[in-house]
Amino acid sequence: MLNCLWHMDSACQLDCFLRTVIPKELPGKVVSNSKIRRLIIAGCVRINGSVCRIPTWQLNAGDSVQAFIDDEKFFFEKKPNDISFILTDSNVLYEDSDIIIVDKPAFFPTEPTVVSSRASMHQAVKDYLWKKEPARLHVPYAGVMHRLDRETSGVLLFTKTREVNAVMHEQFASHTIQKTYRALCKPTKSQILCRFSVNQPIGRISPKSAPCKMGALPVDRGGQEARTDMVIVERQSKFVLVEAMPYTGRTHQIRVHLSLAGLPIVGDTQYGGPPGLASANGRVMLHAWKLSFLHPRTGRSLTVQAPLPLEFL
């Protein structure tokens with residue numbers, strides 16, 4: 001994530017100014033006019049500390065301009081297998097006045113990107129809540145508490161009121177929430193225990209200008225402590241079904257730890273997995289199966305489970 005700050009010496013239109021300065025921050029990259037506009041509209045630019053979503057905003061001498069650039073999202077172009085999806089009752093796993101938990105399909109992003117026209121689960125939840133109460137005067141609130149990768153399906157929780165955000169955020173930040181995933185893997189080792197743990201620090205091993213790739217990385221070189229418990233649920237002729245319980249929440253943690261354990265996920269070619277199944281459109285075969293946590297208002301224990309997709313069976 002780049003955090004760029006400039007101070008204006010003279011008047012200029014916002015998008016014109018950014019077209020001049022952003023390419024200098026991203027040498028070797030093609031920065032189109034449309035990407036600049038998307039960055040602004042997505043709320044990634046601040047003028048004098050306030051978000052500005054108007055590309056034609058007139059800047060004045062003395063103004064400060066700050067841009068937050070996630071290079072992965074900034075250079076993302078919509079993939080042809082993004083699915084069309086509308087949230088309905090059948091995909092809602094749990095809902096009350098404080099939270100809503102949904103079953104996210106594969107090939108559908110969790111939250112909006114700089115591509116303003118790209119659909120996301122976050123927007124789908126807000127659309128669903130508004131359809132339930134069409135008399136609302138304002139867009140329903142849906143707070144993003146955690147994320148699933150685009151190709152990962154399964155349990156995804158949103159808050160419905162800002163009042164419970166702090167409690168839910170604390171549970172996720174302290175890793176007191178138990179997340180359980182299921183993954184279809186291709187063993188690369190002859191002998192693998194039925195139960196085992198991977199306790200290996202991981203960190204980003206790819207350049208910032210390249211797509212994110214994580215790997216084993218010592219803490220003294222920037223790695224973060226990471227632990228995942230694994231259980232072999234089922235052994236098939238070619239694959240094994242693995243239950244993975246991460247006790248930390250690092251980027252790509254389960255994918256990296258399974259690969260290190262000799263169990264790369266089917267479809268996860270980035271981490272040594274075999275090509276994906278044609279019956280599953282080549283997806284990474286990772287599913288957020290279960291979420292156990294304390295309700296942010298009542299404190300009672302809840303466990304919510306998303307059915308395993310047919311391609312895993």
Side-chain angles (χ1 to χ4, degrees), residues 1 91-104 109-111 121-122 125 141-150 152-183 193-204 212 214 216-219 222-233 241-261 263 265 284 286-308:
M1 172 75 77
N91 300 101
V92 176
L93 303 171
Y94 177 87
E95 183 182 6
D96 60 27
S97 59
D98 295 301
I99 58 176
I100 179 170
I101 304 175
V102 299
D103 186 2
K104 186 187 90 65
T110 293
E111 57 183 337
M121 200 71 216
H122 182 234
V125 168
Y141 176 77
V144 179
M145 292 291 106
H146 63 130
R147 295 162 182 80
L148 297 178
D149 289 344
R150 172 181 166 274
T152 302
S153 55
V155 180
L156 191 59
L157 181 150
F158 296 86
T159 56
K160 291 172 62 176
T161 65
R162 290 180 174 84
E163 184 181 351
V164 299
N165 279 356
V167 176
M168 286 308 310
H169 177 75
E170 172 57 28
Q171 290 190 63
F172 278 103
S174 62
H175 309 298
T176 54
I177 285 181
Q178 177 61 65
K179 304 175 186 176
T180 305
Y181 291 75
R182 291 210 164 175
L193 298 174
C194 289
R195 292 177 178 269
F196 59 96
S197 294
V198 178
N199 196 344
Q200 173 69 60
I202 62 175
R204 182 166 183 152
C212 178
M214 308 294 282
L217 195 67
V219 173
Q224 293 181 297
E225 297 291 348
R227 172 192 161 195
T228 310
D229 288 351
M230 314 284 191
V231 177
I232 303 296
V233 176
L241 186 62
V242 179
E243 193 166 285
M245 292 154 284
Y247 285 87
T248 46
R250 312 307 181 197
T251 299
H252 296 181
Q253 176 177 321
I254 294 173
R255 297 165 62 186
V256 173
H257 276 179
L258 281 170
S259 180
L260 292 173
L263 287 165
I265 301 173
V284 175
L286 181 63
H287 178 71
W289 183 52
K290 192 163 56 176
L291 195 67
S292 298
F293 60 99
L294 299 179
H295 191 278
R297 189 176 299 277
T298 67
R300 68 187 178 95
S301 179
L302 285 176
T303 296
V304 179
Q305 183 174 313
L308 202 62

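Every value quoted in this text rests on a predicted model; they were computed, and no experiment measured them. One is the number of the first residue; the rest follow in order along the sequence.
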Looking at every heavy atom in both [X] and [Y], which two are closest together, and how far apart are they?
X	Y	result
Asp103	Pro307	OD2-CD, 3.9 Å
Met145	His169	SD-N, 4.0 Å
Leu148	Thr110	O-OG1, 2.7 Å
Thr303	Ser292	OG1-OG, 2.9 Å
Ala183	Leu286	CB-CD1, 3.9 Å
Leu193	Ile232	O-CG1, 3.4 Å

Completion exercise
The salt bridge (Lys or Arg N to Asp or Glu O under 4.0 Å) partners of Arg255 (sequence neighbours excluded) come to Asp149, Asp268
Fill in the blank from the handout: Sorted by chain and residue number, the salt bridge (Lys or Arg N to Asp or Glu O under 4.0 Å) partners of Arg227 (sequence neighbours excluded) come out as Asp229
Problem - Where at least one partner belongs to residues 166-176, residue pairs that pass salt bridge (charged side-chain N to carboxylate O under 4.0 Å, His left out), sequence neighbours excluded - result: none
Problem - Pairing residues for Phe196 by the ring pair (Phe, Tyr, Trp, His ring centres under 6.0 Å) criterion, not counting sequence neighbours - result: none
Please tabulate, one pair per line, all N/O donor-acceptor pairs under 3.5 Å involving side-chain atoms of residues 160-168, not counting sequence neighbours.
{"unit_1": "Lys160", "atom_1": "NZ", "unit_2": "Glu95", "atom_2": "OE2", "d": "2.8"}
{"unit_1": "Lys160", "atom_1": "NZ", "unit_2": "Asp96", "atom_2": "O", "d": "2.9"}
{"unit_1": "Glu163", "atom_1": "OE1", "unit_2": "Arg297", "atom_2": "NH2", "d": "3.3"}
{"unit_1": "Glu163", "atom_1": "OE2", "unit_2": "Arg297", "atom_2": "NH1", "d": "3.3"}
{"unit_1": "Asn165", "atom_1": "OD1", "unit_2": "Thr159", "atom_2": "OG1", "d": "2.6"}
{"unit_1": "Asn165", "atom_1": "ND2", "unit_2": "Tyr141", "atom_2": "OH", "d": "2.7"}

[atom1]/[X] to [atom2]/[Y] distance, rounded to the nearest 0.5 angstrom?
X	Y	atom1	atom2	result
Asp98	Thr298	CG	OG1	8.5 Å
Phe293	Leu157	CZ	CG	5.5 Å
Lys290	Gln305	NZ	CD	6.0 Å
Leu156	Leu93	CG	CG	9.5 Å

Check side-chain contact (heavy atoms from CB on, under 4.5 Å) between [X] and all other residues, then give those that pass, not counting sequence neighbours.
X	result
Leu294	Gln171, Ser301
Ala226	Ile202, Thr248, Arg250, Gln253, His257
Glu243	Thr180, Arg182, Val231, Val233, Met245, Trp289
Ala216	Gln200, Leu260

Exercise for the section: Examine Phe172 together with His146 and report whether their ring centres are nearer than 6.0 Å. Expected result: yes
Using a 4.5 Å cut-off on heavy atoms from C-beta on, say whether the side chain of [Y] contacts that of [X].
X	Y	answer
Thr152	Val284	no
Met230	Ser197	no
Tyr94	Ile100	no
Tyr247	Thr228	no
Tyr181	Ile265	no

State which residues pass side chain to side chain donor-acceptor pair (under 3.5 Å) with [X]; sequence neighbours excluded, sorted by chain then number.
X	value
Ser97	none
Ser153	Arg283, His287
Arg195	none

